[in-house]
Undergrad: 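Attaching a single structure in structure tokens format; questions to follow.
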Amino acid sequence: MQVLGIETSCDETGIALYDGERGLLAHALHSQVALHARYGGVVPELASRDHIQRTIPLIREVLAEANSDETKIGGIAYTAGPGLVGALLVGAAVGRSLALAWDIPAVAVHHMEAHLLAPMLEPDPPDFPFVALLVSGGHTLLIEVEAVGHYTLLGESLDDAVGEAFDKTAKLLGLDYPGGPALAKLATQGQPGRFHFPRPMTDRPGLDFSFSGIKTHAMNTIRKAPSDPQTRADIARGFEDAVVDTLRIKCKRALEQSGARALVVGGGVGANQRLRAALAGLAEKTGTRVYFPRAEFCTDNGAMVAYAGYRRLQAGEAVGAGFSVRPRWSLDMLRPPTRPTR
Ligand code: KG4
Ligand code: ZN
């Protein structure tokens, strides 16, 4: 079965076509970074308007690249949440309408489930069960995963998400939106150890996170320190090391607590090289394995939505003729794929 995936939850329009037998056939992405850059963050109304303009042309592009058309597509997967309500509505409306017009089923995909399953698109995919670390702009989650839809929340951020902490600290350092990759780049020039940042909530048991303290620490450090380029790079390095170390400590704990032998990483911050190296080191030391999506599938994309939708459509799940979006939608509310009730 070929599944068309549509991702429009935030500031990227992602479209992909996934085939159950042949794997990923084609994917395309339009990033709105340039559109939002001068505002220093995502402007929801501009995001929705841009998704409206991009979605259909990108679908055409992907179908042409895969040499496919509506006669070959067996289902449509669209991100229904969590995310920006107006942005989500674009993908949901387009996806649901195409499914009606083409007389095929549609499925509503949870954006974080899509991130969680993204490593399954790689040549050496993980087996269930595993622990997932999901680190994006809006979420920091540690999850015990038994199967698709069997999720137990082990820990989450009590305040800022990791990506948010990266973005806010980057802004304080005078870097452009989106700050995460820019801060990581600056940190490569930094000297480790010159600035020490706290590792929040690692000195007590538990798997929850808190990143707002690190951000405040960054603010105070930046205010007091000289503003030369080397100092800024050293601060970026101190911040990144503290975040990566905190995530590594909590992942180690989650693996021990759950007894799982595999760790799966998803979400935009999963593209961070220092995090990838730290978690690879953890896996080597503990005799476990770590799985990452390729960097372009860590950040938002249509491929992960097509894949997550495929897993649910294949098991018979589909939404009814109407559709709705869920801007706030907790991952542990998800259930295994189900057949429609009507
Ligand atoms: O998953 P994602 O693309 O969108 C959401 O679902 O939120 O994640 C975006 C987040 C942003 O906060 C961005 O700054 C961060 O991921 N990010 C990074 C890196 N690449 C993206 N943070 C640190 N290092 C990176 N290389
Ligand atoms: Zn995301």
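Index from 1, following the sequence. When a ligand or atom number is given, it counts from 1 through the structure's own listing order.
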Undergrad: Taking the ring centre of each residue, are H27 and Y18 less than 6.0 Å apart?
TA: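 Centroid distance H27-Y18: not below 6.0 Å, so no.
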Undergrad: Identify all pairs of nitrogen or oxygen atoms, one from ligand 1 and one from the protein, separated by less than 3.5 Å, and list them with distances.
TA:
from: ligand 1; atom 1: 1 (O); to: H115; atom 2: NE2; distance (Å): 3.0
from: ligand 1; atom 1: 1 (O); to: G268; atom 2: N; distance (Å): 3.0
from: ligand 1; atom 1: 1 (O); to: D300; atom 2: OD1; distance (Å): 3.2
from: ligand 1; atom 1: 3 (O); to: D300; atom 2: N; distance (Å): 3.1
from: ligand 1; atom 1: 3 (O); to: D300; atom 2: OD1; distance (Å): 3.3
from: ligand 1; atom 1: 4 (O); to: D300; atom 2: OD1; distance (Å): 3.2
from: ligand 1; atom 1: 4 (O); to: D300; atom 2: OD2; distance (Å): 3.2
from: ligand 1; atom 1: 6 (O); to: H111; atom 2: NE2; distance (Å): 3.1
from: ligand 1; atom 1: 6 (O); to: D300; atom 2: OD1; distance (Å): 3.4
from: ligand 1; atom 1: 7 (O); to: G137; atom 2: N; distance (Å): 2.8
from: ligand 1; atom 1: 12 (O); to: G163; atom 2: O; distance (Å): 3.2
from: ligand 1; atom 1: 12 (O); to: D167; atom 2: OD1; distance (Å): 3.4
from: ligand 1; atom 1: 12 (O); to: D167; atom 2: OD2; distance (Å): 2.7
from: ligand 1; atom 1: 14 (O); to: D167; atom 2: OD1; distance (Å): 2.6
from: ligand 1; atom 1: 14 (O); to: G180; atom 2: N; distance (Å): 3.1
from: ligand 1; atom 1: 20 (N); to: G268; atom 2: O; distance (Å): 3.4
from: ligand 1; atom 1: 24 (N); to: N272; atom 2: ND2; distance (Å): 3.0

Undergrad: Please tell me whether N272 and E240 have a donor and an acceptor in their side chains that are separated by less than 3.5 angstrom.
TA: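 Result is yes, a qualifying pair exists.
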Undergrad: Just the protein N/O/S atoms under 2.8 Å from the Zn ion (ligand 2), please, no waters.
TA: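 Listed by chain and number, the atoms are H111 NE2, H115 NE2, D300 OD1.
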Undergrad: For R49, does the CZ atom sit with more than 12 other heavy atoms under 6.0 Å from it, leaving out its own atoms?
TA: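 No, not enclosed.
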Undergrad: Would you call R237 and D241 a salt bridge, taking side-chain N to carboxylate O under 4.0 Å as the test?
TA: yes
Undergrad: May I ask you to check whether H51 and T13 show a side-chain donor-acceptor distance below 3.5 Å?
TA: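 There is such a pair between these side chains.
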Undergrad: Other residues, nucleotides and ligands only: do more than 12 of their heavy atoms fall within 6.0 Å of CG on D176?
TA: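 No, CG of D176 has 12 or fewer neighbouring heavy atoms, counting only those of other groups under 6.0 Å.
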Undergrad: For atom CG of D103, decide whether the heavy atoms of other residues, nucleotides or ligands shown that lie under 6.0 angstrom number more than 12.
TA: no
Undergrad: Pick one: which of T169, L158, V162 meets side chain to side chain contact (heavy atoms under 4.5 Å, CB included) with F211?
TA: V162
Undergrad: Measure centre to centre between the rings of F130 and F128, then say whether the value is under 6.0 Å.
TA: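 Yes, close enough.
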